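What follows is a set of notes on a single structure, which appears directly below.
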Amino acid sequence: MKIAALADIHGNYQALITVLDHVERWNPDLVIVLGDIINRGPRSNECLDLIQDLAKNKSWQVIKGNHEEYVLEFDEPDAPKSGPRFETLKIIYWTYKNLPADDIQVVKNLPCELDIQLPGNGRLKAVHASLGGIRVGIYPDHDYSGLLKLIDQKATIFLAGHTHQPLIRDVNGTLVVNAGSIGLPFDGDIRTGYAQLTQREDDWKAEIIRLDYDRAAAQDDFYASGFIPDGGPLAELVLAELNLAWPQLSSCLRNMKHPI
Ligand SMILES: [Fe+2]
């Protein structure tokens with residue numbers, strides 16, 4: 001059996017089509033998309049449409065990330081419509097106002113986790129970040145005891161994304177895989193990527209695949225879409241994240257209710 005795990009697309013259409021082409025040629029039995037398809041990037045609608053089609057036509061499994069939750073907050077009646085907080089979070093509002101109502105409903109209906117029975121007696125658990133919560137990620141330098149609290153120790157495979165930093169670790173017999181990020185890697189490597197998991201007899205092996213893609217077109221999308229300037233002050237920082245493969249928003253927003 002072969003499983004592909006895709007995470008944190010963040011509206012990067014150019015990176016997504018490169019990964020989709022590679023996944024199609026690898027021809028896995030199951031594809032899991034680990035959330036943050038939309039927001040923090042310029043082409044959320046197109047990315048969501050592609051993933052929706054694959055979910056519908058090829059039974060891809062898709063879960064919700066914290067950025068889907070951020071966008072849905074603007075669908076609430078008490079969402080901010082003006083003021084400094086609104087101006088700062090305009091990047092999320094921009095994504096929200098450009099999504100058709102049907103897509104908002106699709107995002108609302110996404111599950112937060114997956115439990116999948118594997119051939120043999122195995123079980124796969126997939127979440128956006130960890131069992132600690134949708135914003136509590138698993139990092140490559142996580143200490144062993146801390147990691148134990150964040151994973152499903154009874155699972156054969158525990159899949160997550162969120163940190164944008166890929167990792168593969170055997171934790172007490174559970175294969176823990178963070179698939180990294182398709183749209184905005186934060187490990188200093190500007191290439192896109194995803195995780196491949198392969199079963200050989202009773203054993204599972206994982207590999208992180210990194211791929212070059214058309215980054216000039218991805219940069220152009222920030223302007224052609226209107227994301228810059230209409231997404232407000234944070235949109236330029238997202239472009240810096242794309243260029244540096246390193247987070248820029250988190251430190252800016254550390255003191256706000258919405259760390260993104
Ligand atoms: Fe993310």
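Order of listing sets the numbers, starting from 1, for every ligand and every atom in it. Because the structure is predicted, anything quoted here is derived from the model rather than measured.
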* How wide is the angle at the Fe ion (ligand 1) between NE2 in His10 and OD2 in Asp36, to the nearest 10°? ->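 Vertex at the Fe ion (ligand 1): approximately 90°.
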
* Which residues pass the ring-ring contact (aromatic ring centres under 6.0 Å, His included) test with Phe86, sequence neighbours left out? -> Tyr93

* **Which residues share a ring-ring contact (aromatic ring centres under 6.0 Å, His included) with Tyr13, sequence neighbours left out** =>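 With neighbours one apart ignored, the set is empty.
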
* Can Lys154 and Asp152 be said to form a salt bridge (charged side-chain N to carboxylate O under 4.0 Å, His left out), step by step? -> CA-CA 5 Å; Lys154 290 184 179 150; Asp152 180 345; over 6 Å; no

* **Parallel, tilted or perpendicular, as decided by the 30° and 60° cut-offs, for the rings of His164 and His10** =>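 Aromatic pair His10/His164 classed tilted.
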
* Asked: Hey, is the Fe ion (ligand 1) within less than 2.8 Å of some N/O/S atom on His164?
  -> yes

* To do: Please confirm if an N, O or S atom belonging to His67, backbone or side chain, lies less than 2.8 Å from the Fe ion (ligand 1).
  => no

* Structure fact -> Closest to the Fe ion (ligand 1), among the N/O/S atoms of Asp8, is atom OD2

